J.: 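Sharing a structure, written as structure tokens. Questions coming.
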Amino acid sequence: MAFTLPELNYSFDALEPHIDAKTMEIHYSKHHNGYVSKLNAAVEGSPLADKSLEALMSECSSHSPAVRNNGGGHYNHSLFWASMAASKGGAPTGDLLEAMNSSFGSFDAFKEEFTKAAGTRFGSGWAWLVEKDGKLAVGSTPNQDNPLMDCSDFKGNPLLNLDVWEHAYYLNYQNRRPDYIGAWWNTVNWDEVERRLKSL
Ligand code: MN
């Protein structure tokens, strides 16, 4: 298979009480796994099977909706799992904090803007922190679109994302998306977000 489900670096219950084990298990084993399977089916036997996921995203306007939706689903969830860890949260430090201060004024101002982007994304989608042209920016995308896609209205180098599909929170939070967003901040692995920024 061209694409594989990445390993989770923590157990399903590692993010409790903020994200419950059952949601993690279904989200990872069923939803993400489904995107990987459908992406493999969509590229099987074609030259696309030899391309990187990032390459498929950057030229996704040339490909089928199956590649866009399932490739995006695979990329977005892979980044999402790696952005979280047990006993994290708090505030970033170092270069990442400096970049936030420079682009948003403060960490709190960034957090407010990101929370708003996640809360106001209508229907299913994702909120993002990206780097673009030396600055940080916040935005959101519908469905499984992401800022690497040439067809996305919001572009940049992804640093952090938040899944606001109902499948990400409905078991524990039902319709209370703001509560899920508020709890999710306690799981963010800022060391990983800073590593992404420095690797650009
Ligand atoms: Mn999801």
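Whatever order the structure lists them in is the order used to number ligands and atoms, beginning at 1. Keep in mind it's a predicted model, so treat the numbers as computed, not measured.
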J.: Can a cation-pi geometry be assigned to K111 and W185, taking NZ or CZ under 6.0 Å from the six-membered ring centre and within 45° of the ring axis?
T.: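 Verdict for W185: a cation-pi partner in K111.
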
J.: Honestly curious: do F104 and L200 fall in one hydrophobic cluster under the side-chain, below-4.5 Å linking rule?
T.: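 Hydrophobic grouping puts F104 with L200.
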
J.: Near the Mn ion (ligand 1), is there an N/O/S atom from H167 that is less than 2.8 Å away?
T.: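 Given the 2.8 Å cut-off, H167 counts as a ligand of the Mn ion (ligand 1).
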
J.: Would you mind naming the N, O or S atom of D163 nearest to the Mn ion (ligand 1)?
T.: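 When I compare the N, O and S atoms of D163, OD2 is nearest to the Mn ion (ligand 1).
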
J.: When you group the ILVMFWY residues by side-chain heavy-atom contacts below 4.5 Å and let the links chain together, are L79 and L5 in the same group?
T.: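 In one cluster with L5: L79, yes.
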
J.: Return the OG to NZ distance between S58 and K155, rounded to the nearest 0.5 Å.
T.: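 The NZ atom of K155 is 11.5 Å from OG of S58, to the nearest 0.5 Å.
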
J.: Within rounding of 10°, what is the angle whose vertex is the Mn ion (ligand 1) and whose arms end at NE2 of H27 and NE2 of H77?
T.: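 Seen from the Mn ion (ligand 1), NE2 and NE2 are separated by roughly 90°.
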
